[in-house]
Amino acid sequence: MTEPHAPVSYEVADGVATIALARPESLNAFDDATKVAFRDHLHDAAADDTVRCVVLTGSGRAFSAGQDLKELVAKRDSGAPLSNTVEEHYNPMVLAITTMPKPVIAAVNGIAAGAGASLAFAADFRIVAESAGFNLAFAGIALSADTGASWTLQRLVGFPKATELLLLPRTIRADEALQLGIATQVVPDDELADVVRELATRLAAGPTLAYASLKRALAYSATHSLPEALTNEGRLMALTGASEDHRAAVNAFLAKEKPTFVGR
Ligand code: LHQ
């Protein structure tokens, strides 16, 4: 499914799409080719109805070190025009993750820095290896935040802690990430793949339309008034209430049987 030496691998198996950064020698930093492939694979996963859960991960010892700074400097020094990479690459990635109509798991296998951390924050679940961590590296290279970190991080940890972590970047180890609410779960390094596979399999067999609707309800409610949120909830309840999965699950409940979800 993926060309050899592609910067990002994409595989679909048993309803789960796995998008894996494959530049371990650069700590999976995002050069242009990686950004385009990652963004496009997110769109592939969103459009494929057979995909009912998406896993984002890295290869080697990092999840991602964020923007490839070597490529950034090489382009700057060659006099290349200023790129609009935030608009062209990072913003579409974070919107694709947050609006993905199915659950997204970040399997954080190692350090996630800068935009790498931001992408993990945009996912619905962060399963974090014990040796991994997060670093809001932006201020360290005199940059503001991007890829949604100013929006997602404060929702994960609260405004004051987000301010501290952005203005005074340091590596937040996995155990602290769990305490702060950044990590959903921390697992021993050698158990990460199994734990993520188990969760992804469970989610891929779940009520996909209801998951998508819950994600939409949460995102909408985060930026709207209570009356608006209630109206939106009503719309989404009508949508899920008319679904095949809802009908079958209620029947299964009353028959004291386990429901089987088809995702619609
Ligand atoms: C790297 C990188 C890297 C290239 C490590 N690039 N090679 C958006 C729009 C426009 C502009 C810019 O940015 C953005 C979004 C962003 O993401 S900004 C933030 C960019 N990322 C960073 O500032 C993080 C930089 N990296 C680090 O702070 C550390 O490397 C971390 C904390 C990730 C890991 O530290 P260590 O485990 O001590 O590893 P290391 O520093 O020794 O790095 C290992 C190698 O990876 C090394 O290469 P070398 O050839 O010396 O072995 C690094 O140069 C390379 N590398 N990050 N972002």
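As the structure lists them, so they are numbered: ligands from 1, and atoms in each ligand from 1. Computed from a predicted model, the values in this text were never measured in an experiment.
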Measure from the side-chain N and O atoms of K161 to the backbone N and O of L180, and report whether any donor-acceptor pair falls under 3.5 Å.
no

For the backbone of A145 and the side chain of S150, can you confirm whether one donor and one acceptor N or O come within less than 3.5 Å of each other?
no

Structural part of F30 in contact with ligand 1, heavy atom criterion under 4.0 angstrom
neither

Is N28 reaching over with its side chain to a backbone N or O of A62, donor-acceptor style, under 3.5 angstrom?
yes

Residue, atom name and distance, where the atom is the protein heavy atom closest to atom 28 (O) of ligand 1
A137 CB, 4.8 Å

Heavy-atom nearest option to atom 20 (C) of ligand 1, drawn from A65, A113, P169, G140
A65

Pick one of side chain, backbone, both or neither for how L27 approaches ligand 1, counting any non-hydrogen atom pair under 4.0 Å.
side chain

Measure the shortest side-chain to side-chain distance between F30 and L119 over non-hydrogen atoms and say whether it is less than 4.5 angstrom.
yes

Protein heavy atom at shortest distance from atom 25 (C) of ligand 1:
L69 CD1, 4.1 Å

Ranked by distance from atom 1 (C) of ligand 1, the top protein heavy atom is S26 O, 4.2 Å

Does V187 belong to the same Ile/Leu/Val/Met/Phe/Trp/Tyr cluster as L178, with side-chain heavy atoms less than 4.5 Å apart forming each link?
no

for atom 51 (O) of ligand 1, nearest protein heavy atom and its distance come out as K70 NZ, 4.6 Å

Can you tell me if S26 uses its side chain to pair, donor with acceptor, with the backbone of A29 under 3.5 Å?
no

Between A115 and ligand 1, which part of the residue brings a heavy atom under 4.0 Å of the ligand: side chain, backbone, both or neither?
both

Which is it for T147 and ligand 1 at heavy atoms under 4.0 Å: side chain, backbone, both or neither?
neither

Does this structure show an ion pair linking D49 with R264, if we count only N-O contacts that are shorter than 4.0 Å?
no

Shortest protein contact, atom 10 (C) of ligand 1 (heavy atom only)
T85 CG2, 4.0 Å

Would you say the side-chain atoms of K35 pair up with the backbone N or O of T85, donor to acceptor, closer than 3.5 Å?
no

In the protein, what heavy atom is nearest to atom 3 (C) of ligand 1, and what distance, to one decimal place, separates them?
Q67 O, 3.6 Å

Are F134 and F63 an aromatic pair, judged by ring center distance below 6.0 Å?
no

Is there a heavy atom of E71 sitting under 4.0 angstrom from any atom of ligand 1?
no

Under-4.0 Å heavy-atom contact between protein and atom 41 (O) of ligand 1:
no

Among all protein heavy atoms, pick the one closest to atom 37 (O) of ligand 1 and tell me residue, atom and distance.
R61 NH1, 2.9 Å

Who's the nearest protein heavy-atom neighbour of atom 14 (C) of ligand 1, and how far?
D146 OD2, 3.2 Å

